[in-house]
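What follows is one structure encoded as structure tokens, with my remarks underneath.
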Amino acid sequence: METTMQLIYTEKERCRVCYTCVRDCPAKAIRIHNGQAEVIAERCIGCGNCVKVCSQNAKHVYNSIPEVLSLLENSSNTAAIIAPSFPAEFPDYEPEQVVSMIRALGFRFVNEVAFGADLVAEQYRQLIKENPEKRYIATTCPALVTYVRKYHPSLVPYLAPIVSPMIATARALRQKYGHDLTIIFIGPCFAKKSEAQWEQTGNEVDGVLTFAELRQLLELKGINSKDVSPDDFDPPYPDLGMIFPVTRGLVQTSRLSDNILEGEVIATDGKMNFVQAIKEFEKGELQTRLLEVLCCTGCIMGPGFSKENSYFSRRTAVSKYADQRLKINRERQSEERIQEISAINLNILFKAENLEDPLPTKEEIETVLRRMGKEKPEDELDCGACGYETCREHAVAILKGLAESEMCLPYTIDRLKTSLHELNVSHEQLASTRQALINAEKLASMGQLSAGIAHEINNPLGVILLYAKTMLEDCPKDSEEYLDLVMIVEQAERCKNIVSGLLNFARKNKVNLKPTKVRDLIDRCLKAILKPENIQIKVEHHLQDQSVELDEGQIIQVLTNLINNAIEAMPEGGTIRIKTLDQNNEWQIIVEDEGNGIPEHILPKIFEPLFTTKKEGKGTGLGLAVAYGIIKMHHGKIDVWSNADSAKGPTGTKFTITLPKQGSWQTLLNGNKN
Ligand code: ADP
Ligand code: MG
């Protein structure tokens, strides 16, 4: 296999991945990789369609200017051979001006490839005449030859074994001026750059410039039409080959229609037509002696022109030039020409270069389709947005590594919707995590605060205890004061516990779990509460199993805080209901009052440390913050429901504490350790 040059490439920064090039590439030589359109050199036929259709000008063709400059520097024996479509590129100049400008670049000879077209046309005429039973595909278009060699190898034997006008011209010149002649072709075609490197024709043309590159080179060298005196082409001069670039050119050039029946030669061009024509020729549906196909819209619409011009203006320019020249040329060289023609070898033998890998299996295709959410035949929309005509073609391209599933618009929209949904979900999760973080932060600041307070209280509390205990020792057991003193010592001990609990909480956030009977815990808690007479406390136990594991001191503190809040919320009196119940691995304690309730706008703040609605000296704003922290440390939760609007129903507040029971508590602890 010959080495493949990267003829066309993508400027990644400009590629906006619109898939237009994928759609317009007849060879499916464009791979979408990481969202970028790459031209695969091995698959590319050089037709230049992708360059033409790219609205972002992201596709570029191999730049031959440096190469040609160095060839010109290193050799004085050089010939420029210019394609017959040149009048369409230079409508602003006289042909003689074009010739002398090219000469000014340093070329010794400037020749017309139209002469080679004449040689080739004559050869076709003979081929058709001498092989009446055979069918041929014309090989004047290098992109078409590559297309057949790579994608329709079974048609290679049908490729007419005749070189292109470019090679024919080069062979004629080498015969005339010797083999060390350096030959540069100038034309409208990208694929000529590859043809110049084909295995069969590799040494025949040394460089290829597009018309656009020729203009750049003239500008680079500061060559102006005004500074040069008009000059004519070098012989040999062309005949009808001058009209070769217009469609059906070969037919007219070789006067084939004079020799064989009209309709037996089919000439077509353009991306869609040529693919179709080759397919039909392969199937044998196209009954023609000669199929002349061009991959672009004829050479005068080739991609190597420097600017956009209409087809008809270009056609007119070429025809006008041929018309002016034909008579002159015929007069000045007929004898010489005929001799040249008969002596030049125009043969070439093409080889297949089969690129098509075996098609993926039906199962493989269906797996890919399913991955794109196409479960049923009706899911295959064949919308073409991906650049492939059908969903199946797209799936095949994915399997060949040429395409990506993201190219499927319906699939991508679907995925976007899913991502959007997922984003919303994670947004919600983020919000709740944020809330938890805020609470944790509050807890931390509360820890610091409580540590400070606890420290301050510890000392006076010690003094109270010391004195109370001394007095208790001196007090006779049957005296009236004795029980009061016991109460003082007991309560002062509890205070000490709370304070040391606070200190612990601040330092380590640790709970001291012990098996506890809920009923006893509540009894002890209620005993210590100073309850006004207009308040009743009703306790209901619905717990199946009374024994749970908890830090008694801390939970009593929580309940005391809740009950005190409830009392303070009912200055007119009322009932406080305490209920215990259990559910699976959790148990709950509910403290409910009939007080004035908590207004809705306050509700989110009640657990904040130092938040209070009570008069100065009355509330500290610590009760619920401490309760919240303790419950969290027990891996439980505290919920609040409240109604402060009597229009909506009876007012009151209900705190529900949910705590894990022993079993789940253990698993939780173990779980937390990991
Ligand atoms: P404090 O009792 O020192 O104000 P808390 O943290 O115990 O601090 O309570 C914070 C606030 O929550 C109270 O000031 C009160 O506005 C509101 N609150 C708490 N419990 C109740 C309740 N049972 N009824 C009405 N409001 C309550
Ligand atoms: Mg309180």
Side-chain angles (χ1 to χ4, degrees), residues 435 438-454 456-457 491 494-495 498-499 501-502 505-506 522 525-526 528-532 534-539 553-579 588-634 636-658:
Q435 191 53 48
I438 292 172
N439 288 342
E441 209 177 301
K442 284 178 192 165
L443 206 65
S445 54
M446 193 188 81
Q448 283 177 341
L449 186 81
S450 52
I453 296 169
E456 290 300 315
I457 290 174
Q491 292 305 312
R494 241 199 74 212
C495 284
I498 293 171
V499 165
L502 270 178
F505 168 72
I522 289 174
C525 173
L526 291 179
I529 280 180
L530 287 173
K531 160 176 90 66
N534 60 358
I535 300 279
Q536 283 181 28
I537 298 182
K538 287 188 177 164
V539 185
Q554 289 189 0
I555 297 297
I556 287 182
Q557 195 180 346
V558 171
L559 287 178
T560 311
N561 290 353
L562 294 184
I563 293 165
N564 282 336
N565 280 347
I567 292 170
E568 281 159 20
M570 299 189 290
E572 254 88 86
T575 309
I576 297 172
R577 281 172 225 281
I578 298 173
K579 225 187 269 177
Q588 285 181 327
I589 180 158
I590 297 166
V591 179
E592 196 174 359
D593 65 55
E594 306 166 338
N596 38 32
I598 309 169
E600 251 174 70
H601 67 280
I602 284 181
L603 217 50
K605 299 185 186 160
I606 57 169
F607 292 105
E608 285 176 14
L610 300 178
F611 175 80
T612 181
T613 55
K614 290 165 195 169
K615 276 193 207 130
E616 231 185 85
K618 264 257 168 191
T620 59
L622 279 175
L624 287 181
V626 169
Y628 180 88
I630 291 172
I631 298 303
K632 275 282 153 204
M633 285 190 298
H634 277 75
K637 61 175 181 161
I638 180 164
D639 295 308
V640 58
W641 171 91
S642 191
N643 177 31
D645 182 2
S646 54
K648 287 186 186 162
T651 60
T653 303
K654 179 171 154 184
F655 283 92
T656 306
I657 294 167
T658 309

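Only heavy atoms go into these numbers, but all of them, side chains included; no hydrogens, no water, no symmetry mates. Numbers here are sequence positions counted from 1. Counting starts at 1 for both ligands and their atoms, in listed order.
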*Heavy-atom nearest neighbour in the protein, as seen from atom 17 (C) of ligand 1, with distance rounded to 0.1 Å*: Ile606 CG2, 4.0 Å
*Under 30°, 30 to 60°, or over 60°: which ring-plane class applies to Tyr628 and Phe607, parallel, tilted or perpendicular?*
tilted
*How close do Cys525 and Ile563 get, heavy atom to heavy atom, and via which atoms?*
SG-CD1, 4.2 Å
_Out of the candidates Ile602, Asn596, Leu603, only one should pair with Pro599 under the side-chain contact (heavy atoms from CB on, under 4.5 Å) rule; please name it._
Ile602
_Distance filter under 4.0 Å to Gly623 heavy atoms, resulting ligand 1 atoms_ = 5 (P), 6 (O), 7 (O)
*Main-chain N/O of Arg577 paired to Glu592 side chain as donor or acceptor, under 3.5 Å*: no
_Suppose I only count heavy atoms of Thr612 and a 4.0 Å limit; which atoms of ligand 1 are within that range?_
1 (P), 3 (O), 4 (O), 14 (O)
*For Asn643 and Pro650, work out which heavy atoms get closest and say how close.*
ND2-O, 3.2 Å
_Close side-chain approach of Phe655 to Val558, heavy-atom, < 4.5 Å_ = no
*Among all protein non-hydrogen atoms, which one is nearest to atom 24 (N) of ligand 1, and what is the separation to 0.1 Å?*
Ala569 CB, 3.3 Å
*asked:* To the closest 0.5 Å, what do you measure between CG (Leu624) and CG (Asn565)?
replied: 5.0 Å
*Specify the protein heavy atom at minimum distance from atom 8 (O) of ligand 1: its residue, its atom name, and the distance to 0.1 Å.*
Gly621 CA, 3.2 Å
*In the protein, what heavy atom is nearest to atom 10 (C) of ligand 1, and what distance, to one decimal place, separates them?*
Phe611 O, 3.3 Å
*Would you mind checking which non-hydrogen protein atom is closest to atom 2 (O) of ligand 1, with the distance to 0.1 Å?*
Lys614 NZ, 2.6 Å
*asked:* Taking only non-hydrogen atoms of Gly597, do any sit less than 4.0 angstrom from ligand 1?
replied: yes
_When you measure from the Mg ion (ligand 2) to the N, O or S atoms of Asn565, does any of those distances fall below 2.8 Å?_
yes
*atom 23 (N) of ligand 1: nearest protein contact (heavy atom, Å)*: Asp593 OD2, 2.8 Å
*Nearest protein heavy atom to atom 16 (O) of ligand 1, by residue and atom, and its distance?*
Thr613 OG1, 2.4 Å
*With Ile537 as reference, evaluate Ile576, Asp593, Thr575, Val591 under the side-chain contact (heavy atoms from CB on, under 4.5 Å) test and give the passing residue.*
Ile576
*Have a look at Asn565, Ile598, Leu624, Val591 and point out the one with the heavy atom closest to atom 27 (C) of ligand 1.*
Ile598
